[in-house]
Undergrad: 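Got a structure for you, questions after.
Note on naming: letters A, B, ... go to the chains in the order of the sequence lines (proteins, then strands), and numbering restarts at 1 for each one.
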Amino acid sequence: MERMSGGEIAALETLYDRYRAVAYALALRITADAQLAEDVVQDAFLGVWRNADRYAAGRGSVRTWLLSIVHHRAIDLVRRRRPTESIPTEGDSSESVLTVADPWPEVAGRLDRDRIRAALARLSEVQREAVELAYFGGLTQVEIADRVGAPLGTVKSRIRLGLLALRQALLDQATQANGASSGGAA
Amino acid sequence: MSVGRDLDCATIRDLAPEFVMGTLDEETAASVRAHLADCPDGHAEIAELGGVLPYLAESLDPVAPRPELRGRLLALARDSWPRAAAAPGAMATRMPGARAPLLGPWVRMPRLAWAVTAAAVSIAVALGTLSFAFRIQLDESEQNAAALRRALAAAAEPGARVALLRGTDEAPGASGLAVVTSGSRTIVVEGLLAAPVDHYYEAWYISGEVPRSAGRLDLQANGTGVLAGPTEAGPIDQVAVTLEPVNGGPGPDGPIYASGLVETNPT
């Protein structure tokens with residue numbers, strides 16, 4: 001990030017080559033449109049490039065920041081396509097993204113895709129549905145309640161408890177991963 | 001839902017899932033951000049809920065975008081970097097290839113004339129029918145600006161040894177000034193791109209065909225580097241700037257990026 005702050009294009013190349021697939025997969029999952037997904041990815045990396053000097057390492061990994069920008073930008077696009085009372089305003093998503101610090105050093109870097117999916121599988125069907133409709137669909141809680149035919153309060157609980165359950169499941173997976181890598185005592 | 005400003009903590013906790021998901025309207029999201037910026041309550045729920053979201057993204061199978069996206073992105077990035085305009089002719093973004101010979105084709109410059117303006121230093125060199133000018137953009141570093149002014153003043157001293165540095169094919173936009181007086185030595189170079197990972201720029205004084213290091217050139221973000229220190233007593237015929245690997249030997253290993261012949265002012 002320091003190199004990108006200095007305008008070193010090679011640093012952007014490295015960042016792009018490292019994260020382009022996960023960023024594009026997220027954008028494509030949300031937009032369901034290959035061209036829009038490319039636009040989202042392009043905007044996200046440009047946002048990181050232009051705002052590299054604002055990145056504070058202590059407030060989250062670059063990967064987390066980048067994926068947050070991709071997510072916000074993709075959701076903005078999707079919501080703008082829908083008839084809605086409140087249209088997201090135009091702007092640089094990278095500036096409005098609240099950088100959330102990676103809360104668990106013991107989790108970061110220890111989970112592969114299989115373990116993450118195993119953690120997701122620990123959620124109840126309705127919790128997982130609500131979380132995915134919100135995260136990948138960009139639906140508000142009111143919209144989710146309409147979609148699934150459940151009371152708003154129920155949907156709010158499913159999302160909150162679903163995220164907290166996912167958090168615990170990820171911690172458990174990280175503990176297992178840690179045990180598998182250091183144990184092997186046999 | 002659009003909620004006005006001045007939200008209380010209970011409302012923040014209620015809005016936390018939608019806030020971290022990014023599904024709040026902008027006005028409400030701005031109100032939440034404003035509350036979080038000032039609230040003594042740490043609102044740990046924001047981090048607790050938001051921290052899992054990247055893992056949702058990573059649960060997906062990776063999908064590579066079309067290769068064309070990479071080129072488009074890099075082109076836009078180059079165009080959007082404001083300081084890139086300060087390095088005219090700069091093109092290279094990769095490590096250069098084969099090593100150039102240390103002693104290349106030099107331009108002899110027996111006469112120097114320069115003018116100093118308020119915002120930049122323009123140095124015009126006249127040499128018969130050959131002339132060129134380069135500008136050293138004074139950056140926001142007062143220290144570098146002062147070093148440049150000292151170098152220019154020193155270049156006018158009787159007996160000063162002066163070299164105007166010109167970019168090679170590796171850095172066609174680079175230019176610089178090297179001055180050695182009885183009391184000091186200074187090298188100022190502008191128009192260099194940031195060194196690649198594990199490389200750095202180094203300046204050399206060359207006598208005959210024997211180089212000796214003048215020191216490492218640390219670049220600022222705008223591509224300007226200044227190297228200053230006590231005088232250099234030994235003979236100098238040429239000054240060169242090369243790009244060196246961090247694990248290289250004591251002598252120049254990398255290609256030349258700028259160079260110039262030394263001329264000595266009359267005493």
Side-chain angles (χ1 to χ4, degrees), chain A residues 3 5-10 12-13 16 20-22 24-26 28-29 37-38 41-42 45-46 49-50 63-64 67-68 70-72 75 79 85-86 88-89 96 98 100-104 111 113 116-117 119-120 131-132 134-136 138-142 156 159-160 163-164 166-167 170, chain B residues 1-2 14 16-30 32-33 36 44-66 68-70 72-74 76-78 80-84 93-94 193-197 219-223:
Chain A
R3 288 165 54 207
S5 295
E8 189 177 331
I9 203 79
L12 176 61
E13 291 177 321
Y16 178 79
R20 72 186 195 283
V22 65
Y24 183 71
L26 175 59
L28 188 60
R29 174 68 168 81
E38 283 194 1
V41 170
Q42 177 181 287
F45 278 98
L46 276 177
W49 167 251
R50 289 169 180 150
R63 184 187 185 99
T64 299
L67 291 177
S68 296
V70 171
H71 178 257
H72 275 70
I75 294 297
R79 293 188 64 76
E85 291 181 8
S86 176
T89 55
S96 64
L98 179 71
V100 178
D102 297 322
W104 327 305
L111 299 179
R113 193 170 310 108
I116 293 171
R117 287 175 174 170
L120 269 169
V131 166
E132 291 187 348
Y135 185 74
F136 293 118
L139 298 182
T140 65
Q141 293 175 353
V142 170
K156 287 186 173 186
I159 292 177
R160 179 183 297 275
L163 290 176
L164 292 175
L166 178 58
R167 181 175 186 272
L170 289 167
Chain B
M1 175 184 69
S2 181
D14 185 61
E18 286 195 289
F19 175 70
V20 300
M21 290 287 194
T23 54
L24 288 177
D25 62 273
E26 184 49 38
E27 183 185 356
T28 307
V32 172
R33 284 193 292 270
L36 293 173
E45 68 274 14
I46 300 293
E48 287 176 0
L49 298 176
V52 303
L53 298 183
Y55 295 96
L56 288 170
E58 296 185 38
S59 70
L60 301 174
D61 286 324
V63 179
R66 292 182 304 156
E68 300 90 287
L69 178 58
R70 190 180 195 274
R72 204 162 65 232
L73 168 67
L74 296 178
L76 286 169
R78 287 192 192 96
S80 70
W81 181 247
R83 293 171 183 142
T93 61
R94 297 177 299 155
L193 294 179
V197 174
L219 289 193
Q220 300 214 344
N222 62 359

Undergrad: Nearest heavy-atom pair of A/A21 and B/P62: which atoms, and what distance?
TA: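 Minimum heavy-atom contact is CB-CB, 3.6 Å.
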Undergrad: What I want to find out is whether B/D61 reaches A/R29 closely enough, with some N-O distance under 4.0 Å, to be called a salt bridge.
TA: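 Here B/D61 does not pair with A/R29 in a salt bridge, since their nearest N and O are not under 4.0 Å apart.
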Undergrad: Heavy-atom pairs under 4.5 Å with chain A are the metric here; pick the option from B/G22, B/S59, B/A16, B/A29 that has the most.
TA: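 Result: the option with the highest number of such pairs is B/S59.
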Undergrad: Return yes if some donor-acceptor pair links the side-chain N/O of A/R167 with the main-chain N/O of B/L49 below 3.5 Å, else return no.
TA: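 Not a single qualifying donor-acceptor pair exists.
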Undergrad: Measuring heavy-atom distances to chain B, does A/L26 have an atom under 4.5 Å in its side chain, in its backbone, in both, or in neither?
TA: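 Looking at A/L26, backbone and side chain both touch chain B.
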Undergrad: Does A/Q141 offer a backbone N or O that forms a donor-acceptor pair with the side chain of B/E18 under 3.5 Å?
TA: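 The answer is yes, because a donor-acceptor pair under 3.5 Å joins these two groups.
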Undergrad: Can you tell if the side chain of B/L73 reaches within under 4.5 Å of the side chain of A/W49, non-hydrogen atoms only?
TA: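 No; the side chains remain at least 4.5 Å from each other.
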Undergrad: Among A/E132, A/E38, A/R20, which residue has the highest count of heavy-atom pairs closer than 4.5 Å to chain B?
TA: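 Highest number of heavy-atom pairs under 4.5 Å: A/E38.
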Undergrad: Non-hydrogen atoms of chain A under 4.5 Å away: do they reach the side chain of B/A44, the backbone, both or neither?
TA: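 When you check distances to chain A, no heavy atom of B/A44 falls under 4.5 Å.
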Undergrad: What part of A/Y135 lies closer than 4.5 angstrom to a heavy atom of chain B: side chain, backbone, both or neither?
TA: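 For A/Y135, the contact with chain B is made by backbone and side chain together.
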Undergrad: Flag the one option from A/L12, A/L28, A/V41, A/I116 with the top tally of heavy-atom pairs under 4.5 Å to chain B.
TA: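 The candidate making the most pairs under 4.5 Å is A/I116.
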Undergrad: If you take all heavy atoms of B/A57 and A/V22, which pair is closest and at what distance?
TA: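 The answer is O-CG2, 4.3 Å.
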Undergrad: Could you check if a side-chain atom of A/L163 sits within less than 4.5 angstrom of a side-chain atom of B/L53, using non-hydrogen atoms only?
TA: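 Of all side-chain heavy-atom pairs linking B/L53 with A/L163, at least one is under 4.5 Å.
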Undergrad: Would you sort out whether B/L60 and A/F136 count as a side chain to side chain contact (heavy atoms under 4.5 Å, CB included), showing the intermediate values?
TA: CA-CA 11 Å; B/L60 301 174; A/F136 293 118; 3.8 Å; yes
Undergrad: Taking the side chain as every heavy atom from C-beta outward, state whether B/D14 and A/K156 have any atom pair closer than 4.5 Å.
TA: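 Heavy-atom side-chain distance check passes, below 4.5 Å.
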Undergrad: Can you find a heavy atom in the side chain of B/Y55 that is under 4.5 Å from one in the side chain of A/L166?
TA: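 Counting from C-beta outward, B/Y55 and A/L166 never come under 4.5 Å.
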Undergrad: Given side chains that start at C-beta, do those of A/Q42 and B/P65 come closer than 4.5 Å, heavy atoms only?
TA: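 No, every pair of side-chain atoms sits at 4.5 Å or beyond.
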Undergrad: Does some side-chain heavy atom of A/L164 sit less than 4.5 Å from a side-chain heavy atom of B/V52?
TA: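 Side-chain contact under 4.5 Å: no.
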Undergrad: So A/L67 and B/E58, do their side chains get closer than 4.5 Å, heavy atoms only?
TA: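 The answer is yes, as the side chains (C-beta and beyond) meet within the 4.5 Å cut-off.
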Undergrad: On a heavy-atom basis, which atom in A/I159 and which in B/P17 lie closest, and how many Å separate them?
TA: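 Minimum heavy-atom contact is CG2-CB, 3.8 Å.
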Undergrad: Measure A/V70 against the heavy atoms of chain B and call it side chain, backbone, both or neither at under 4.5 Å.
TA: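 Contact with chain B is absent: no heavy atom of A/V70 under 4.5 Å.
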Undergrad: Run the side chain to side chain contact (heavy atoms under 4.5 Å, CB included) check on A/T140 and B/M21 step by step: do they pass?
TA: CA-CA 9 Å; A/T140 65; B/M21 290 287 194; over 6 Å; no
